[in-house]
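Residue numbers start from 1 in every chain, and the chains themselves are labelled A, B, ... in the order their sequence lines are given, proteins ahead of strands. This one's a predicted model, so the numbers in the text were calculated from it and none came from an experiment.
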There are 2 protein chains.
Amino acid sequence: MLQKVLIAEDYESSNISVQKALEDLGISHDIKNQVYYCDDALARIKKAMSEGNPYDLLITDLSFDDDHTKQIITTGNALIKAAKDVQPDLKILVFSVENRLSVAQHLFKECDIDAYVPKGRRDSQDLKLAIETISKGGRYLSGNLKKEEKAEIDYDFSVVELAIISQLAQGTSQKDIPHYLQANSITPFGLSSVEKKLGSMKAIFGFTKNEQLIAYCKDKNII
Amino acid sequence: MLQKVLIAEDYESSNISVQKALEDLGISHDIKNQVYYCDDALARIKKAMSEGNPYDLLITDLSFDDDHTKQIITTGNALIKAAKDVQPDLKILVFSVENRLSVAQHLFKECDIDAYVPKGRRDSQDLKLAIETISKGGRYLSGNLKKEEKAEIDYDFSVVELAIISQLAQGTSQKDIPHYLQANSITPFGLSSVEKKLGSMKAIFGFTKNEQLIAYCKDKNII
DNA sequence: CCTGTTTTTACGGGAAACCGTAAGCCTCGA
DNA sequence: TCGAGGCTTACGGTTTCCCGTAAAAACAGG
């Protein structure tokens with residue numbers, strides 16, 4: 001059974017509806033168990049642990065808006081990893097606008113989360129179902145996730161590649177990118193290497209133009 | 001005073017927290033007065049009008065997710081315009097993730113909306129304040145909007161320009177774009193015109209490369 | 001230390017994009 | 001009808017990018 005639940009969600013409106021979902025399920029929920037920042041969430045988890053009264057479940061968003069208040073942990077992903085470090089048995093439910101199946105699957109695999117629910121048309125019902133499933137010891141992957149049609153290639157861009165792409169997107173001409181890379185001690189920095197990297201990235205995705213690559217990276221929030 | 005309020009918001013969780021905000025303000029809210037699609041919203045507004053019991057306020061999102069159910073109106077913007085057509089005195093409150101000041105200002109000017117509240121860290125409080133202000137006959141522009149630093153250029157891209165940009169982003173080589181434009185009867189379609197349009201767009205924004213233009217348009221959700 | 005392999009860089013020919021100029025075309029008003 | 005001005009297109013030279021090849025450098029194993 002779930003008794004102690006922590007909500008990490010920056011948007012007050014989302015936060016409130018998560019609380020309401022918990023209420024609807026008859027799970028008591030103290031106002032102190034909801035936070036708007038990742039750092040606060042981790043602090044709560046640590047404190048609860050040290051007091052011998054740890055949380056059963058963490059419901060967290062993935063993206064948190066930047067703010068005037070400087071934070072150490074800025075993404076749900078990092079929060080999950082940090083939380084699992086201090087309390088490996090903590091159950092995790094991710095509640096995010098991100099609705100790509102591949103992203104959710106990645107979280108199950110890499111971070112050993114217990115449920116994934118995307119925000120959307122029926123998200124509150126979805127959320128309740130997920131919480132109930134977890135409380136029964138199960139795992140829950142929402143059916144509302146968008147399965148990418150053409151078998152998404154999940155390619156990990158290297159540091160150089162990301163640097164090249166973002167320089168391009170900022171208008172740096174290709175022949176000037178070596179200077180930039182060298183100035184930031186990123187290797188390899190030769191013009192040939194830049195050209196080759198661009199060529200190989202485009203080949204991987206079946207693109208023909210740099211513009212396509214930029215569009216892709218923007219769509220996937222890679223840059 | 002506000003008595004009859006319609007909520008048009010596709011995400012159930014957001015919808016719920018808007019309802020809760022209304023409750024907190026002591027505004028009675030029938031479950032029938034919340035919809036998940038723009039078309040439903042317009043139908044409700046029309047029906048209420050014809051029954052001589054029109055709505056006082058429409059609280060709407062701007063973006064609505066696509067779905068298996070085909071809709072005529074698919075954006076909050078179009079809904080607002082359509083609603084104003086059937087009931088010009090209807091008050092409008094926009095509640096959206098979009099947090100650019102320029103977008104909000106544009107809505108006040110073009111669509112004569114009464115309040116703009118971006119989703120964010122304190123959005124429920126913000127929302128309540130907005131509703132109260134409207135009920136007193138005022139207008140409300142949230143202070144949580146991001147004022148674009150370097151005086152955003154708000155440039156209206158023409159049909160040709162958008163076509164060129166999206167073709168580029170899809171990998172069409174520049175010299176093949178004329179074929180595409182002609183096939184879709186978009187003018188002008190000469191290669192020179194394509195080059196000139198690209199040149200002028202880049203000049204306007206101070207860009208040097210097409211990649212920058214693509215990145216910009218992706219960021220602004222133009223393509 | 002030597003050798004084979006991989007990675008990085010250099011070079012050069014060809015293609016695409018860029019940009020200025022000029023010619024063609026349409027529109028509008030005298 | 002004619003001519004001026006704006007818009008569109010055609011053309012050519014220059015720059016940038018693309019891509020294959022090969023030299024140079026870094027690396028690993030013996």
Side-chain angles (χ1 to χ4, degrees), chain A residues 153-220 222-223, chain B residues 153-220 222-223:
Chain A
I153 303 151
D154 65 334
Y155 177 70
D156 265 342
F157 290 90
S158 67
V159 176
V160 211
E161 289 171 336
L162 287 177
I164 293 172
I165 293 172
S166 40
Q167 281 302 304
L168 269 187
Q170 283 169 41
T172 311
S173 91
Q174 215 158 300
K175 71 177 186 344
D176 290 334
I177 292 184
H179 306 1
Y180 169 84
L181 294 176
Q182 194 161 21
N184 293 74
S185 32
I186 300 171
T187 53
F189 54 79
L191 177 56
S192 264
S193 299
V194 171
E195 293 170 343
K196 210 169 154 192
K197 289 283 177 199
L198 278 170
S200 81
M201 283 188 283
K202 282 184 281 187
I204 287 168
F205 294 103
F207 294 160
T208 57
K209 293 175 58 70
N210 288 346
E211 284 90 336
Q212 256 179 305
L213 192 60
I214 300 291
Y216 175 85
C217 290
K218 282 288 178 187
D219 280 341
K220 304 286 181 199
I222 294 168
I223 52 167
Chain B
I153 304 153
D154 64 334
Y155 177 69
D156 266 341
F157 290 91
S158 68
V159 176
V160 210
E161 289 171 338
L162 287 176
I164 293 171
I165 293 173
S166 41
Q167 281 302 304
L168 269 187
Q170 284 169 40
T172 309
S173 92
Q174 214 158 301
K175 72 177 184 349
D176 290 332
I177 292 184
H179 307 1
Y180 170 85
L181 294 176
Q182 194 161 21
N184 293 74
S185 31
I186 301 170
T187 53
F189 54 79
L191 178 55
S192 265
S193 298
V194 172
E195 292 171 343
K196 211 169 156 193
K197 288 283 176 198
L198 278 169
S200 81
M201 284 189 283
K202 282 184 282 189
I204 287 168
F205 294 102
F207 295 160
T208 57
K209 292 175 59 71
N210 288 345
E211 284 90 335
Q212 256 179 305
L213 193 59
I214 301 289
Y216 176 86
C217 290
K218 283 286 178 189
D219 281 341
K220 303 287 181 200
I222 295 168
I223 54 166

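- Here A:Lys209 reaches the OP1 or OP2 of C:dA17: one of its side-chain N or O atoms lies under 4.0 Å away.
- A:Tyr180 and A:Gln170 are not linked by any side-chain donor-acceptor pair at a separation below 3.5 angstrom, with hydrogens and angles left out of the test.
- A:Lys202 comes within 4.0 angstrom of the backbone, heavy atoms only, and of no base.
- Taking only distance into account, the side chain of B:Glu195 meets the base of C:dC19 through a donor-acceptor pair shorter than 3.5 Å.
- Put simply, the side chain of A:Ile214 reaches to within 4.5 Å of the side chain of A:Ile165, judged on heavy atoms.
- Aromatic ring orientation, A:Tyr216 versus A:Phe157: tilted (interplanar angle from 30° to 60°).
- Computed from coordinates, the A:Ile186 CD1 to C:dT8 P distance equals 14 Å when rounded to whole Å.
- In this structure, of D:dC17, D:dT8, C:dT9, it is D:dT8 that holds the atom nearest to the side chain of B:Lys196.
- Nearest nucleotide to the side chain of B:Ser192, out of D:dA10, D:dG20, C:dA17: D:dA10.
- Across the protein-nucleic acid pair, B:Leu213 atom CG and C:dC18 atom P stand 11 Å apart, rounded to whole Å.
- Spacing between atom CZ of A:Phe207 and atom C1' of C:dA16 amounts to 20 Å, rounded to whole angstrom units.
- Judged by distance alone with a 3.5 Å cut-off, no donor-acceptor contact links the side chain of B:Ser173 to the base of C:dA16.
- For the pair A:Ser193 and C:dT9, the criterion of a side-chain N or O lying under 4.0 Å from OP1 or OP2 is met.
- Between the CD1 atom of B:Ile165 and the P atom of C:dA17 there is a distance of 16 Å, given to the nearest Å.
- Comparing atom distances between the A:Lys175 side chain and each of C:dC18, C:dT9, D:dC17 picks out D:dC17 as nearest.
- Separation of atoms CG (A:Asn210) and CG (A:Leu168) is listed at 5.5 Å; rounding is to 0.5 Å.
- You'll find the side chain of B:Lys218 reaches within 4.5 Å of the side chain of B:Ile223, heavy atoms only.
- Distances from the side chain of B:Pro188 to the nucleotides D:dA10, C:dC18, D:dT8 place D:dT8 closest.
- Between the P atom of C:dC18 and the CG atom of B:Leu198 lies a distance of 7 Å, rounded to the nearest Å.
- Between the CG atom of A:Asn210 and the C1' atom of C:dC18 there is a distance of 16 Å, rounded to whole Å.
- The separation between B:Leu191 atom CG and D:dC11 atom P is 11 Å, rounded to whole Å.
- Rounded to an integer number of Å, the gap from B:Glu211 CD to D:dC18 C1' is 13 Å.
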